[in-house]
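Reviewing the structure listed below.
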Amino acid sequence: MYASGKYSSRGPALIPRMKTKHRIYYITLFSVVLLGLIATGMFQFWPHSIESAADWTLDKRSVHDAPLVHLPVSSPIPERGDLSCRMHTCFDVYRCGYNPKNKIKVYIYPLQKFVDELGVPISSTGLSREYNDLLSAISDSDFYTDDVTRACLFIPSTDVLNQNSLRIRETAQALAMLPRWDKGMNHLLFNMLPGGPPDYNTALDVPRDRALLAGGGFSTWTYRQGYDVSIPVYSPLSADVELPERQPGPRRYFILSSQTAIHREYRAELERLKEENGEALLLLDKCSNLSQGAASARKRCCKGQVYDYPHILQESSFCVVLRGARLGQAALSDVLQAGCVPVILADSYILPFSEVLDWKRASVVIPEEKLSEMYTILKNIPHRQVEEMQRQARWFWEAYFSSMKAIGLTTLQIINDRIYPYAARTYEQWNNPPVVKWSSVNSPLFLPLIPPRAPGFTAVVLTYDRVESLFRVITEISKVPSLAKLLVVWNNQNKSPPEESLWPKIGVPLKVVRTKENKLSNRFFPYDEIETEAVLYFNYLYTYKMPGDIKNWVDAHMNCEDIAMNFLVANITGKAPIKVTPRKKFKCPECTAIDGLSLDQTHMVERSECINKFASVFGTMPLKVVEHRADPVLYKDDFPEKLKSFPNIGSL
Amino acid sequence: MQAKKRYLILLSAGACLLLLSYLGGVQLPAASRSRHDRSRTGYRPDQPWPHFSDPLHLFSPVGHTDTEEYNLHISPRQKRDGTASVYKGKRCRVDSCFDFAPCQRNGFKVYVYPQQKGEKISESYQNILSTIEGSRFYTSDPGQACLFILSLDTLDRDQLSPQYVHNLKTKVQSLPLWNDGRNHLIFNLYSGTWPDYTEDLGFDIGQAMLAKASISTENFRPNFDVSIPLFSKEHARTGGDRGFLKYNAIPPLRKYVLVFKGKRYLTGIGSDTRNALHHVHNAEDVVLLTTCKHGKDWQKHKDARCDKDNAEYDKYDYKEMLHNSTFCLVPRGRRLGSFRFLEALQAACVPVMLSNGWELPFSEIIDWNTAAVIGDERLLLQIPTTVRSIHHDKILSLRQQTQFLWEAYFSSVEKIVLTTLEIIQDRVLEHGSRSSLLWNSHPGGLFALQPLVTNSHLGGFEKLCIKPYPKFTAVIHAVSPLVSQSQPILKLLVAVAKSQYCAQIIVLWNCDKPLPAKHRWPATSVPVIVIEGENKVMSSRFLPYETIVTDAVLSLDEDTVLSTTEVDFAFTVWQSFPERIVGYPARSHFWDSNKERWGYTSKWTNDYSMVLTGAAIYHRYYHHLYTNYLPTSLKGMVDQLANCEDILMNFLVSAVTKLPPIKVTQKKQYKETMMGQSSRASRWADPDHFAQRQTCMNKFASWFGAMPLVHSQMRLDPILFKDQVSILRKKYRDIERL
């Protein structure tokens, strides 16, 4: 063949000369393999969005696909639940173990549909929207693991949020059938509506062995402090209604009662209060002309006038949250969302997340028998405090109440904090709205409370090559009685410091540190040699916590290190520095020469620029202006100089 | 040749195939880890929660209310009474075992039973009782009382102890006011005895509350009992030693990481964890030592490790370890709490708790995670890794918090007892209780009284002072009648009213003569309010008058001479130091070693520790503290002498801040020159006056338990004060001219 001849004439060909039939065969084989390889490669390394996009269309899962599990009548029932359970007695901490991230791993059982022997399901409603949201949120979180062997906490997929829809005995049997149940150890159940008529127990009635209960409506007698978690009753309105945050301040009504399920005795008392105090109180009930349903949940009425709920809550400073048959009320969530301060009347109720939330900052708790004194009690709260409470209430809702996700993850975080207490969030972190702060330094480090009682300071002298003036400084400063140590930072890499024998002889240790680069920031490095606190603390912050690129800027421009330090300290302390004594000039005469740093013209211009630059990095101007200066007590007083402690001040 | 090429192509095709299968093969297990991929393959048991697309029910049907049903229910009042009768004994709560009525009627008053003849009371319990009797809560009238304290010593309920009080049951039952223990508080440090050390007190406490050391979470009745720390006989009654932290080292590491030194019990309970400590001990930076030597016959029970452990134990000095370790192990002993806890706290050695189920002291108010590492006995072997993993910043803040907590709540029996009472008071008078922030930050809950609480949401005490209202209220203390128009008080009024920062002037009329007519006061641009003093006593000048609307109070004597400039300058200085007293007349204290007592001096010295309230600015919160925090004994002394109120105020403020006051630019002979001229009745002229002040100093110091005053050598002057520049450039030039 001509072609083959041409190939062969070019030397070693890729396709060896052979019979055409064979050649086609080989070419085909080769290209198939090659194509396959390319396709695989593409599939492997193509951005995964394509894959998941395709996936979403495929992921049409239905709860009806869940496998059916028949519960034999004789299936074991867990014990009722031990009131003495605590983390150290009923929780297996070995499952959580040491973990560098200090994060517990949570496993969720796959969805199963439990039915009794007759095929009747254990729950009348099955999986609810809220429980599904909760489990999805957990499975999307960092807590989640799909490896049952690595899990520290187990969450059944059986929905027990509302006890009313459950068959108690069968639900308990279903729990006991879970493969890792093991007496309920490390299992967590979420329940928001416990108990049922007529007694309305304050905890889930389903027997559950040692399982932890995240319950909405605990009383002090059913809540196992440090073991159970008290959670809010989620209000479905949270998802449906948007209430924009309102500025705190006085509102149209002083007290608003909007609940519909109020016992007639309490309603009578509220009406009496209304009579006494008139317009300040608004007392709403459900609208009699509306049929029950979604629409009626969004309306409230008073004497024929219709109000939108929950919007009306925003019109009041305080909103009553009275116990109903149950202690936990979904209305609490609506009230917080509206930024109305809840007035909680539910004796012995364990408030939601009370283990970590300081409800004193966001609510007023009044004993039920004091309902009649409510008005007087609330009137005594200063306006400023009411405003703070309004703000805090709204923030509690946003952070911990607004969605099933928020409720679920808060619950897990609380349990997590018990297991890794040394990595736990502090009470303040739980309760303080995150204010916009300078991000890199947080002030727990700061220590104004314990003024150091150790005497003495370390002098740090930054020098480049002016040995004569350096020695003079050293000699002078060594006369100070409280000097503990002297540290010379030798910032000249081209020249060695003078021989040891040439240095002035002083009574305190003198150390010379040679730096690797001539950088101004070297002045503020927290050298190991500095042992006194006086210098050290802010050096540490300067070196490691200075925001943005300020440190580099200072070193690049050889200027403004002192201004940067002032910004840093003022920003943390919120205070001005203190000028001591009248002295204004601190440079030796010879230093005014051209090589002197501070007197250069451009240097001063640059320092103005520094201030603007630093203020923009800090996002604020932390420097404060004051008009005072610290002098010795008897400064310039008509008093014999020799009797003064600091007689020479002001003479220079 | 051809064969070779054919092999080549086969080989490369084979290689490609291999590669293909490899990539494909890798992809499969990788994909099985990706959740989306898996859900595609249908239902599998170990999968993450799927995103169900079905419409689901709501957990609580919308619009459903249980009103009707609920209204058929018994009345809530009946239900309350029902629970109150059911939950007794171990299930007591304030709702069921406490009577609020007397507390709301009379306030939080505490009654101590009179001591009976022949009853021995241990020194510790005596200290507790005398603290309560000296506190502002005390009442001698049981009819007024909200809380009752037994005079029977219940601290040591170990039957083998010499302090054990016998027949307590009968003695308690025979008390006429016992009322099944309702509204009683029982203090206890030790309960149970060898070998099991139960938490039973050996007598029926009825519905009484417990303030108990080493209480377990199982027995602790939340919001009812109070967990107190175990303290020794030697624990100071008042004042107490300060924390040992003198300065902060950075990095905050000490010679040892973790230390412990204590007994290992060979018989009876409490040593499970201590027995295992040797596994963690490394004789270098983790030094955990136990000794078997305890009791008389320890050698009978001695085990294989004893000799080795005992020898190692004797090699180390406990004090040395305590001061040189970053963390200190606090494992359970016979009981859950041990002395090691307070020792570590004071020594700024961060406690590492290994005592499962211990309800930590004052757990209701203290966030212990900020001052201690709460370990789990079951994870003993992980403890070294855990503490080593704690970041330096965190160690620094833990260490400082140990010092704050020690000084605020633990350093003396008095603080422990007062904290206990304050916690109960917060429960009883719930609206108005302190927020956790106040308890956990400087100066602590004991100094945070009602009016501060109303600002609690601003943050701790420090934050309260961050942005004070930029004006002041002057309070002039008037004691002499208005006879002439040239009296200093009128000049003072005019000068102060001219200050740009003055919001209002209050004249406190503490003179026996009736109020002068309105027109006798000079016309001023700010309102002048004249208040008739309550009982005309000295302490009334520090009452928290509601008319004081500003944060700053300028306190003045009627004969004070001040210029407007001076007032302005002092106020600008105060704005920088709102938590301190800022003012003019400075005095000093000293220890008179000849007389072995504190001395008071008004001589010109190089330092000072008090600024007299005859011309000083301070936060109005100190009016509340003076009135509500100080005991009637001290305020009564001040009123009786009509003297020393300024000294007492200085004691109080320095006790809160632990800082000296601030003197601003000297105005020479501010009061001394004035005395002879105008106010004949001036108390300063009285020779007894000075002697009284010496007495006051010592009386106050003994109540505070220590000398709270701090010396300062600093005076704050206007920035160009007496500088060699033109007077026209000086803002506060009048101060120099004086």
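What you are looking at is a predicted structure, and each value in this text was computed from that prediction instead of being measured. Naming: A, B, ... by sequence-line order, numbering from 1 per chain.
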- Message: Is there a side chain to side chain contact (heavy atoms under 4.5 Å, CB included) between B/Glu218 and A/His88? Walk through the geometry before answering.
- Response: CA-CA 11 Å; B/Glu218 283 96 331; A/His88 66 278; 3.7 Å; yes
- dist A/Thr125:OG1 -> B/Leu56:CG (nearest 0.5 Å) comes out at 9.5 Å
Considering only heavy atoms and a distance below 4.5 Å, find which of [options] pairs most often with chain B.
{"options": "A/Ser157, A/Ser136, A/Ser84", "result": "A/Ser136"}
{"options": "A/Tyr131, A/Tyr420, A/Tyr94", "result": "A/Tyr94"}
{"options": "A/Leu161, A/Asp358, A/Val63, A/Leu643", "result": "A/Val63"}
{"options": "A/Glu368, A/Met87, A/Glu387, A/Gln259", "result": "A/Glu368"}

- Please report the C-alpha distance between B/Ser60 and A/Leu193 in whole Å, then the side-chain angles of each, then the deciding distance to 0.1 Å, and finally whether the side chain to side chain contact (heavy atoms under 4.5 Å, CB included) criterion is met. CA-CA 8 Å; B/Ser60 154; A/Leu193 300 176; 3.8 Å; yes
Portion of [X] that has a non-hydrogen atom of chain A nearer than 4.5 angstrom:
{"X": "B/Ser389", "value": "side chain"}
{"X": "B/Gln713", "value": "both"}
{"X": "B/Thr605", "value": "backbone"}
{"X": "B/Glu377", "value": "neither"}
{"X": "B/Ile390", "value": "side chain"}
{"X": "B/Ser576", "value": "both"}
{"X": "B/Phe569", "value": "side chain"}
{"X": "B/Arg221", "value": "neither"}
{"X": "B/Leu398", "value": "neither"}

For the residue pair [X] and [Y], establish whether any side-chain heavy-atom pair is separated by less than 4.5 Å.
{"X": "B/Phe100", "Y": "A/Pro367", "value": "no"}
{"X": "B/Arg77", "Y": "A/Glu369", "value": "no"}
{"X": "A/Asn132", "Y": "B/Trp49", "value": "yes"}
{"X": "B/Asp367", "Y": "A/Thr426", "value": "yes"}
{"X": "A/Val633", "Y": "B/Met714", "value": "no"}
{"X": "B/Lys79", "Y": "A/His263", "value": "no"}
{"X": "B/His57", "Y": "A/Leu127", "value": "no"}
{"X": "B/Ser436", "Y": "A/Glu428", "value": "yes"}

Does any N or O in the side chain of [X] come within less than 3.5 Å of the main-chain N or O of [Y], such that one atom is a donor and the other an acceptor?
{"X": "A/Asn162", "Y": "B/Phe59", "result": "yes"}
{"X": "B/Asp717", "Y": "A/Arg629", "result": "no"}
{"X": "A/Trp221", "Y": "B/Tyr87", "result": "no"}
{"X": "A/Tyr422", "Y": "B/Ala372", "result": "no"}
{"X": "B/Arg93", "Y": "A/Thr220", "result": "yes"}

Check whether the side chains of [X] and [Y] place a donor and an acceptor atom closer than 3.5 Å, and report yes or no.
{"X": "A/Arg86", "Y": "B/Ser216", "result": "no"}
{"X": "A/Glu265", "Y": "B/Ser75", "result": "yes"}
{"X": "A/Ser348", "Y": "B/Asp95", "result": "no"}

Go through the atoms of [X] and report whether side chain, backbone, both or neither lie under 4.5 Å from a heavy atom of chain B.
{"X": "A/Gln225", "result": "side chain"}
{"X": "A/Ala630", "result": "both"}
{"X": "A/Gln392", "result": "neither"}
{"X": "A/Tyr234", "result": "both"}

- Message: Using every non-hydrogen atom in the two residues, find where B/Asn369 and A/Ala424 come nearest and quote the distance to one decimal.
- Response: ND2-CB, 3.6 Å
- Item | Distance flag, aromatic centroids of A/His628 and B/Tyr732, threshold under 6.0 Å | no
- Query: With sequence neighbours left out, what residues match A/Glu627 under salt bridge (charged side-chain N to carboxylate O under 4.0 Å, His left out)?
  - Reply: B/Lys731
- Highest number of heavy-atom pairs under 4.5 Å with chain A among B/Asp607, B/Asp723, B/Asp376, B/Asn606 belongs to B/Asn606
- Ranked by heavy-atom pairs below 4.5 Å to chain A, first place among B/Thr385, B/Thr386, B/Ile374 goes to B/Thr386
- Item | Ion pair A/Asp637/B/Arg715, N-O distance below 4.0 Å | yes
